[in-house]
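Take a look at the structure below.
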Amino acid sequence: MPVPADDPGPTALRMIFGGQLRRLRERAGVTREDAGAAIRGSHAKISRLELGRVRFKDRDVSDLLALYGIGDGPDRDQLLDLAHRANQPGWWQQYGDVLPSWFETYLGLEPAAATIRNYEMQFVPGLLQTEEYARVVVGLGRAPDPDGRAVDVRMRRQRLLDSEAGPRFVAVVDETALRRPLPGVDAMRRQLRHLAEMSEAPSVELRIVPFRAGMHPAAGGAFSILDFADPELPPIVYLEHLTSALYLDKHADVDRYDEAMRRLCEISVCPEGAPAVLERIGREL
């Protein structure tokens, strides 16, 4: 019964543990309805637990493991330990007053990813933003952030790229985003220089989709694809809207976005050419 050796964070651990509960239930031949009744709940509650969308109560976990035939022993101890780790708060929860609830799930998945592929057509990717650029972006269409706590979250996220255990980040940015002097011309030039510097980082692959590429399959908007090394976690596509977000993990959906990303990489300026493009755009602002 595999249990992750490295802690990928509570959100990913909830998904992993939920998947293990589902397999144990199916192996035991127990329906969701019967499992729900065993913990004084419903089949919908079992579904949420198995998808890793809620925290795990000790009593529920103990009762389910007993129902599935997992008695005292190493397997049970490992599963209980995994459930406990999955219930630990993530660092971002201290910023709950400035974060939309639908974004907290993404913050939990980000550090667990082996690769993050992000396409942006309006903004510089959050993981590559300067603080002054981030301050302007965070303020767009949102409540004021006078204490800078929302910006602090964005800056803290960027530590992922400094970690040897962090994900590989493939950033595909539309030229439109790079020519929009969002915080002002001078600030945007500083942002472009920062992008050029970050493009040299071993964990970053920066690609630019030029104007001349014309229309393409991803013209509908920004998206991210998170790929995980842990076989328990399927690839996830993240789509952010003004007041909500979508998390897609069905094979057909992921395949469509995977193909769109492949096409974007084909028509983009290669990583080696990105610094020269950034320098030229900076001069032309």
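Both backbone and side-chain heavy atoms feed into the values below; hydrogens, waters and symmetry mates do not. In this chain, residues are counted from 1 in sequence order.
- The side chain to side chain contact (heavy atoms under 4.5 Å, CB included) test with Tyr247 singles out one residue from Leu226, Thr105, Leu239, and that residue is Thr105.
- Here the CZ atom belonging to Arg180 is positioned 12.0 Å from the CD1 atom belonging to Ile281, to the nearest 0.5 angstrom.
- Side chains of Trp91 and Arg157 form a contact here, defined as non-hydrogen atoms less than 4.5 Å apart.
- Counting heavy atoms from C-beta outward, Ser203 and Phe169 have side chains that stay 4.5 Å or more apart.
- Taking OG1 from Thr31 and CD1 from Ile46, the interatomic distance works out to 9.5 Å, rounded to the nearest 0.5 Å.
- Separation of atoms CD (Gln191) and CD (Glu131) is listed at 12.0 Å; rounding is to 0.5 Å.
- Note on Leu128 and Val209: separate hydrophobic clusters, where clusters join Ile, Leu, Val, Met, Phe, Trp and Tyr whose side-chain heavy atoms are under 4.5 Å apart, directly or indirectly.
- Using a 3.5 Å distance cut-off with no hydrogens or angles, the side chains of Tyr238 and Glu240 do pair a donor with an acceptor.
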* To do: Could you walk me through whether Glu232 and Arg23 pass the salt bridge (charged side-chain N to carboxylate O under 4.0 Å, His left out) test, one step at a time?
  => CA-CA 11 Å; Glu232 300 278 346; Arg23 284 187 291 277; 2.3 Å; yes

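- Annotation: side chain of Leu107 is in contact with side chain of Glu110 (closest heavy-atom distance under 4.5 Å).
- Panel note: side chain Ser62, backbone Asp58; a donor-acceptor pair is recorded below 3.5 Å.
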* Might you work through the salt bridge (charged side-chain N to carboxylate O under 4.0 Å, His left out) test for Glu284 and Arg179, ending with a clear yes or no? => CA-CA 9 Å; Glu284 294 173 355; Arg179 289 189 175 276; 2.6 Å; yes

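- Here the closest non-hydrogen pair linking Ala187 and Pro183 is CB-CB, 3.6 Å.
- Side chain of Trp92 to backbone of Val153: no donor-acceptor contact under 3.5 angstrom is found.
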* To do: With side chain to side chain contact (heavy atoms under 4.5 Å, CB included) as the test, would you mind laying out the steps for Phe56 and Asp60 before giving the verdict?
  => CA-CA 7 Å; Phe56 303 100; Asp60 289 346; over 6 Å; no

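- By the 6.0 Å contact criterion, CZ on Arg280 is enclosed, its count of non-hydrogen atoms from other residues, nucleotides or ligands being greater than 12.
- The existence of a salt bridge linking Glu205 and Arg207 is confirmed by a sub-4.0 Å separation between a basic side-chain nitrogen and an acidic carboxylate oxygen.
- Taking every heavy atom of both residues into account, Asp227 and Pro235 meet most closely at OD1-CB, 3.6 Å.
- Remark: Arg149 CZ is packed, more than 12 non-hydrogen atoms of other residues, nucleotides or ligands lying under 6.0 Å away.
- Ile208 is not connected to Met261 by any chain of hydrophobic side-chain contacts under 4.5 Å among Ile, Leu, Val, Met, Phe, Trp and Tyr, and they are in different clusters.
- Between Asp81 and Arg85 a salt bridge is recorded (basic side-chain N to carboxylate O distance below 4.0 Å).
- Using a 4.5 Å heavy-atom cutoff, the side chains of Arg193 and Arg189 are in contact.
- Annotation for Asp72: atom CG does not count as buried by contact number, only 12 or fewer foreign heavy atoms lying within 6.0 Å.
- A salt bridge does not link Glu259 to Arg263: none of the charged side-chain nitrogens sits closer than 4.0 Å to a carboxylate oxygen.
- Taking each heavy atom of Ala274 and Val269 in turn, the nearest pair found is N-CG1, 4.0 Å.
- Hydrophobic clustering keeps Val137 apart from Met121 (ILVMFWY residues linked when any side-chain heavy atoms are closer than 4.5 Å, directly or through intermediates).
- Minimum interatomic distance between Pro10 and Ala86 (heavy atoms only, all atoms of both residues): CB-O, 3.5 Å.
- The line from CG of Leu182 to OH of Tyr133 is 5.0 Å long, rounded to the nearest 0.5 Å.
- Heavy atoms from other residues, nucleotides or ligands lying under 6.0 Å from CZ of Arg156 number more than 12.
- Between Val237 and Ser224, every side-chain heavy-atom pair lies at or beyond the 4.5 Å cut-off.
- Rounded to the nearest 0.5 Å, atoms CG (Leu195) and CD (Glu279) are 13.5 Å apart.
- Residue Glu50 forms a salt bridge (Lys or Arg N to Asp or Glu O under 4.0 Å) with just one option from Arg14, Arg25, Arg22, and that option is Arg25.
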* Step by step, would you call Glu120 with Asp174 a side chain to side chain contact (heavy atoms under 4.5 Å, CB included)? -> CA-CA 6 Å; Glu120 291 287 349; Asp174 197 279; over 6 Å; no

* What's the verdict on side chain to side chain contact (heavy atoms under 4.5 Å, CB included) for Leu21 and Leu65, showing C-alpha distance, side-chain angles and the deciding distance? -> CA-CA 8 Å; Leu21 283 180; Leu65 293 181; 4.3 Å; yes

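- Side-chain contact of Arg154 with Gln129: a donor-acceptor pair under 3.5 Å is present, judged by distance alone.
- For the pair Ala213 and Ile267, the tightest heavy-atom approach, listed with the atom from each and the gap, is CB-CD1, 3.9 Å.
- In this structure, Arg76 and Ala66 approach most closely via the heavy-atom pair NH1-N, 4.1 Å.
- Annotation: Arg40, atom CZ; neighbour count of heavy atoms from other residues, nucleotides and ligands within 6.0 Å is above 12.
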* Asked: Going through the distances and angles, do Leu24 and Arg27 end up as a side chain to side chain contact (heavy atoms under 4.5 Å, CB included)?
  -> CA-CA 5 Å; Leu24 288 171; Arg27 189 179 70 183; 3.4 Å; yes

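- Taking 4.5 Å as the limit, every side-chain heavy atom of Leu13 sits out of range of all side-chain heavy atoms of Asn87.
- Put simply, OH on Tyr95 and CD on Glu104 are 12.5 Å apart, with the number rounded to the nearest 0.5 Å.
- Residues Phe123 and Val173 fail the side-chain proximity criterion, which asks for heavy atoms closer than 4.5 Å.
- At a threshold of 4.5 Å between side-chain heavy atoms, the hydrophobic network of Ile, Leu, Val, Met, Phe, Trp and Tyr places Met15 and Leu248 in two separate groups.
- A 4.5 Å side-chain heavy-atom check between Tyr119 and His216 finds at least one atom pair inside the cut-off.
- Ile225 and Leu127 sit in two unconnected hydrophobic clusters of ILVMFWY residues. Membership requires side-chain heavy atoms under 4.5 Å apart, directly or through other members.
- For Asp258 and Arg117, the salt-bridge test passes: some basic side-chain N is under 4.0 Å from an acidic carboxylate O.
- For Tyr257, the OH atom counts as loosely surrounded, since its 6.0 Å shell holds 12 or fewer non-hydrogen atoms of other residues, nucleotides or ligands.
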